[in-house]
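All values below come from the heavy atoms of this structure, side chains included, with hydrogens, waters and symmetry mates left out. Quick note on labels: first sequence line is chain A, next is B, and so on, each numbered from 1. Since this is a predicted model, take the numbers as computed values, not measurements.
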Amino acid sequence: MLEVRNLNVNYGYLRVLSDINLKVNEGEIVCVLGPNGSGKTTLIASIAGLISPKQRSGTIIFQNTRIDRLPPYDIARLGISCITDKTGIFPEMTVLENLLVGGLTLKKNERNEALKQVFALFPVLRERCKQLAGTLSGGERKMLLIGRALMSKAKLLLLDEVSAGLAPIVLGEILRRISEIARTGKSILLVEQNVFAALSVSNRGYVIENGRIIIEDTCERMLKNDIIKSAYLGIQNCQAIFGDWKR
Amino acid sequence: METTTFMQAIISGIVTGSIYLLVALGINIIFGAMRILNFAHCTYMMLAMYGGYYIYVFGGIDPYISLLILTPLFFLGGFATQKYFIEKVLATNILNQIILTVGLFITIKSLASLFFSETFRMIPVFYKTISYSLRGVYIGLPQLVAVIVSISLVLFLHLFLTRTDFGRMIRAASQDMYGASVCAINVYRVFCMAFGIGTALASVAGVLIATYYPIYPHVGDPFLLSGFIVVVLGGLGSFKGCVVSSYIIALTESLIAYAYIPAFQQVGSLVIFMIILLFKPKGIFGGYESK
């Protein structure tokens with residue numbers, strides 16, 4: 001579904017991503033792990049078109065279409081929805097208006113249908129639908145962002161640091177919803193610093209360090225990988241800790 | 001102040017406030033969408049006044065009817081200004097943006113002085129002298145039309161921004177440009193449309209006052225200052241704030257003028273402006289608007 005080939009990104013003279021090759025198949029959750037400043041968010045922003053083509057090279061293909069020269073709104077129209085720190089909610093619009101903006105490309109009846117599905121997935125958004133989005137809590141904002149992304153009937157969701165700033169119970173709830181979304185056939189590329197959270201819901205994963213992919217494997221094998229265990233988890237037996245979030 | 005004089009001051013304030021409202025809403029839509037302070041805004045108002053004048057003089061078309069030609073024309077002019085000038089400096093610093101719009105302001109005004117001369121002109125419409133009175137309080141027909149058209153337009157604009165997809169697109173792009181981009185909104189196109197709408201509002205304000213106000217190249221200057229005061233007082237980007245503060249400023253100016261101290265007319269509104277900002281530094285409706 002998504003294929004990134006030899007992606008390089010520069011910020012001025014600084015090389016942020018080097019020779020990135022990555023694949024996401026249909027209905028798959030793929031996580032990208034790595035420490036702060038390793039280039040994870042830049043990777044997501046590059047796929048979504050939020051980084052100028054002048055700053056990057058390489059090929060990005062989505063459903064047999066090259067998207068690396070397209071602006072973000074055209075990429076979104078093709079079926080890629082992105083949630084990063086850069087792409088926030090619309091704080092002075094109501095929750096309902098935020099969701100409606102997410103479904104702008106749909107016909108009215110399709111939009112109503114998508115709205116029903118989002119409300120079924122996140123009932124709290126239905127309760128808050130007349131509330132200004134800027135007054136939502138951190139967890140509710142994340143739900144709204146995911147809901148808004150789903151409104152477009154996107155085929156691929158790019159999620160950047162959904163765990164950031166969330167209480168464990170809220171995070172658990174959101175991860176369960178992400179698993180549910182993937183079961184409907186959508187693909188998800190999940191960028192996370194929270195390794196427990198990411199590995200608990202994903203099928204495969206990549207580890208980025210200093211802008212390069214250093215590990216690519218299934219999540220189960222990654223959990224047994226000594227480098228990941230010592231560098232990111234700091235423990236020997238992870239299964240016991242996040243068993244609840246498992247798909 | 002007698003009751004009649006007081007009521008006359010109120011009516012006069014409402015008329016001026018309605019024009020301020022159209023000017024300030026134009027500034028506000030452009031600022032709200034792109035965070036650009038458009039110093040050239042009232043030059044469009046001045047050009048529309050000349051447009052109304054020449055269409056009347058050479059074509060014999062009533063200024064109100066000429067709105068049907070001028071409003072779309074100014075919408076396109078605003079669209080082009082955004083696309084070919086403002087868009088180039090959007091990603092740069094605020095100083096570049098200010099210098100660009102001030103440059104446009106000076107250039108357009110200088111060209112207007114060159115082509116139209118500094119002579120004061122009036123559109124000699126027959127209804128200029130028609131007025132209505134109620135218990136000694138008068139309102140001229142052109143002023144009454146200005147109030148009705150302004151308020152109707154503001155209501156229409158409010159419905160457009162809150163009830164239509166395109167209105168939501170403008171609001172979304174103004175609140176989070178990247179967020180709007182990933183929702184499949186072409187934000188650059190939306191900004192052009194917002195600039196076009198803002199400019200079209202300035203043209204409507206211009207034609208409405210051209211029926212009772214002298215036309216000259218600097219006619220927009222005081223409206224520009226008042227427009228900025230209104231926008232800041234109401235809370236930058238706030239629609240509701242714009243409506244409330246337009247009438248606060250205009251009524252203050254009018255009451256001071258009718259109290260026989262016209263020299264303090266603008267000073268008085270600035271004092272009110274500063275006092276309100278002391279208590280509400282972000283403006284009356286600064287921050288999140290309540291729906």
Side-chain angles (χ1 to χ4, degrees), chain A residues 44-45 47-52 70-108 111 129-136 141 144-145 148-154 157-160, chain B residues 28-29 31-35 83 87-88 90-92 158-194 231 234-242 282-291:
Chain A
I44 288 264
I47 298 169
L50 295 171
I51 290 184
S52 159
L70 297 180
Y73 45 88
D74 281 342
I75 293 173
R77 280 190 196 126
L78 286 174
I80 296 182
S81 220
C82 167
I83 298 169
T84 75
D85 270 357
K86 257 185 165 182
T87 61
I89 53 164
F90 310 121
E92 291 174 50
M93 294 169 81
T94 63
V95 168
L96 181 64
E97 284 177 319
N98 267 268
L99 293 172
L100 290 176
V101 169
L104 275 173
T105 51
L106 305 179
K107 289 180 189 144
K108 200 176 175 184
R111 206 189 294 185
C129 73
K130 286 187 179 166
Q131 196 173 320
L132 286 184
T135 61
L136 295 179
R141 282 174 187 229
L144 177 57
L145 281 172
R148 192 179 76 188
L150 290 174
M151 279 295 294
S152 64
K153 300 226 161 171
L157 294 185
L158 308 174
L159 306 180
D160 182 22
Chain B
N28 212 10
I29 283 180
F31 179 83
M34 290 157 283
R35 298 291 180 264
K83 188 156 180 63
E87 200 173 290
K88 314 289 177 205
L90 259 189
T92 64
H158 180 69
L159 290 174
F160 168 75
L161 288 172
T162 53
R163 303 284 164 88
T164 65
D165 278 350
F166 196 79
R168 288 190 204 107
M169 281 161 76
I170 292 181
R171 287 165 60 218
S174 69
Q175 289 172 40
D176 194 312
M177 186 175 154
Y178 292 112
S181 289
V182 298
C183 289
I185 297 172
N186 181 345
V187 287
Y188 292 104
R189 178 82 50 82
V190 169
F191 288 165
C192 289
M193 300 288 259
V231 170
L236 287 168
S238 165
F239 191 97
K240 207 187 291 178
C242 231
K282 285 186 174 175
I284 300 170
F285 291 99
Y288 297 138
E289 283 188 27
S290 50
K291 301 263 165 183

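When heavy atoms are compared at a cutoff of 4.5 Å, A:S152 does not approach chain B at all. Only the backbone of A:I89 comes within less than 4.5 Å of a heavy atom of chain B; no side-chain atom from C-beta onward does.
Around atom OH of B:Y178, no more than 12 heavy atoms belonging to other residues, nucleotides or ligands sit under 6.0 Å away. For B:K83, the NZ atom is loosely surrounded, since the number of other residues' heavy atoms within 6.0 Å does not exceed 12. Annotation for B:R189: atom CZ does not count as buried by contact number, only 12 or fewer foreign heavy atoms lying within 6.0 Å.
The heavy-atom pair separating B:D176 from A:F90 by the smallest distance is O-CE2, 3.7 Å. Nearest heavy atom pair, residue B:S181 against residue A:A76, reads O-CB, 4.1 Å. Nearest approach of B:V182 to A:R148, heavy atoms of both residues: CG2-NH2, 4.4 Å. Summarising the geometry of A:R77 relative to B:N186, their closest heavy-atom pair is NH2-N, 4.3 Å, with the distance given to 0.1 Å. Residue A:E92 comes nearest to B:R171 through the heavy atom pair O-NH2, 3.9 Å, listed as atom of the first residue, atom of the second, then distance.
Atom CG of A:N98 and atom SG of B:C183 lie 8.0 Å apart (nearest 0.5 Å). A distance of 9.5 Å separates NZ of A:K108 from CG of B:D165, quoted to the nearest 0.5 Å.
Under a 3.5 Å cut-off, the side chain of A:E97 and the backbone N or O of B:R168 do not form any donor-acceptor pair.
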Check the pair A:V101, B:Q175 against side chain to side chain contact (heavy atoms under 4.5 Å, CB included), reporting the backbone distance first and the verdict last.
CA-CA 12 Å; A:V101 169; B:Q175 289 172 40; over 6 Å; no

